[in-house]
Structure formats: C-alpha cells, structure tokens
Amino acid sequence: MDSLWQLALDSLWPMVSGALTATIPLTLISFALGLALALMVALMRISANKLVSGIARGYISIIRGTPLLVQLFVIFYGLPSLGVTIDPWPSAILAFTLNVGGYAAEIIRAAILSVPGGQWEAGYTIGMSRTRTLYRLILPQATRVAVPPLSNTFISLVKDTSLASMILVTEMFRRAQEIAATTYEFMLLYLEAAAIYWVICLILSAVQDRMESRLEKYVA
C-alpha cells in the first residue's frame, strides 16, 4: 500500500505538468480558433444566400455527425495517404478547432437569432450598416445568451483533449499511460488522471457560475 501511495505522489507532478504544458494550452488555442471559425460559420448559416448557408449547414452536419476520434484519425493518419503530413500538435489543434467550430456555430447562431429583430431596425434607424449593427448591437446581446453553452463546450473540450494521446500528443493522459506502461498500475494511474481532470473541471465550473452570475446582474 505504501508503494502505491508513493507511486501516486511520484506521478502527480508529471501528470500536472502535462496538464499545464499540453492539455490547457491545447484547449485554449483550439477553443479560441474554434470560436473564430464558429462565428464565421454561424454568419454563413443565417445568410440569405442559399449556397453559403448550405455550405455552413453541410460542415456543421459533418462535424456533429462524426466522432471526434474519427476526425483526429482522418487528419493525422488519413491525410498522409493524400500526401499531406501534419505533426501531432497541429493535427490535434486542427481537429479540435474544426470540432468546436461545428458545435459552437449552432450556439452562436441561436444566440444571434434570440436577439429581437427590432434591434436590427434600431441600428438601421441611426444610420448603422448591417455589419456595424451586428458587431455593435447584436453580438454584445447575443454573447449573454451564448456564454453558458459555450462554457460547457469549453469544459467538454478539456476532457476531449485526452483523445490527443491517440495521435502521440504528450498531454496529461498520455503521461499517465506512459507511467502505467512501466509500473503496470493502470487502475491507480488512470484514476489519478481522472481526479486531475475532475479538479480542473470543478475550477472551470466555478468560473462559469461566476460569469453567469455577473451576466445576470448586468442584464437585470
């Protein structure tokens, strides 16, 4: 039993280090890029142009209709057969960005559509263009609606980064796998990794609750 406790202590920092140097940066970069992509896709989705809207709808359907692990494998293992080879880190970022973009686009679209149509008319009345009305009036109001579901998407992405271990990215779960492979204490190491993910998500959930409370006060 003492040896198990010692192993848990010895493996704690390598896994926390993996979270700090890979899991969290991977999450932040992918989410930021995914949000930018999601906004563009959401605007395409509500476009009056049927071709533009159809392209966005098709992209969202593909992303939401296929597993993230398959998307990772297609990019990292599949593209080399077409002569396109991407390193593990960029492959993971690309896959997570595309995945976030597909899911967050629908959240942003719904948030934009939730803003009363009179807000658009108000912007036009004071001489704003459609683009200026969107960025000055519509998006700030839509943000209040989108924050809770987008926060949930961010928390889910933290956990989804564990899939990056399948394409050789040395993030936190990969560190747990490497240590378990040499010690054969799979249950202990995987439970320890699960506990670290849980703590990270608890912290993020607390931040989410605080953000939602501030937004509710602002709206009130």
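Positions are given from 1 along the sequence.
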Taking the six-membered ring for Trp, are F186 and Y190 parallel (under 30°), tilted (30 to 60°) or perpendicular (over 60°)?
tilted
Can you tell me how far the [atom1] atom of [X] sits from the [atom2] atom of [Y], to the nearest 0.5 Å?
X	Y	atom1	atom2	answer
L139	I108	CG	CD1	8.5 Å
R45	L43	CZ	CG	12.5 Å
M15	D10	CE	CG	10.5 Å
S151	F31	OG	CZ	7.0 Å
S165	R175	OG	CZ	12.5 Å
M166	F173	CE	CZ	9.0 Å

Under 3.5 Å: donor-acceptor pair, side chain of [X], backbone of [Y]:
X	Y	value
S53	N49	no
S91	I86	yes
S30	F96	no
Y197	V158	no
D87	W89	no
S61	R57	no

Between E106 and R109, is a salt bridge (Lys or Arg N to Asp or Glu O under 4.0 Å) present by the stated rule, with each step listed?
CA-CA 5 Å; E106 286 295 87; R109 181 182 73 89; 3.0 Å; yes
Mind listing the closest non-hydrogen atom pair of E192 and A8 along with its distance?
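E192 and A8 have their closest heavy atoms at OE2-O, 2.7 Å.
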Shortest non-hydrogen contact between R174 and V169, atoms and distance
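It is CB-O, 3.4 Å.
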Would Y77 and L72 satisfy side-chain contact (heavy atoms from CB on, under 4.5 Å), going step by step from the backbone distance to the final call?
CA-CA 8 Å; Y77 294 111; L72 277 165; over 6 Å; no
Shared hydrophobic cluster, L7 / L191 (ILVMFWY, side-chain heavy atoms < 4.5 Å)
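Different hydrophobic clusters.
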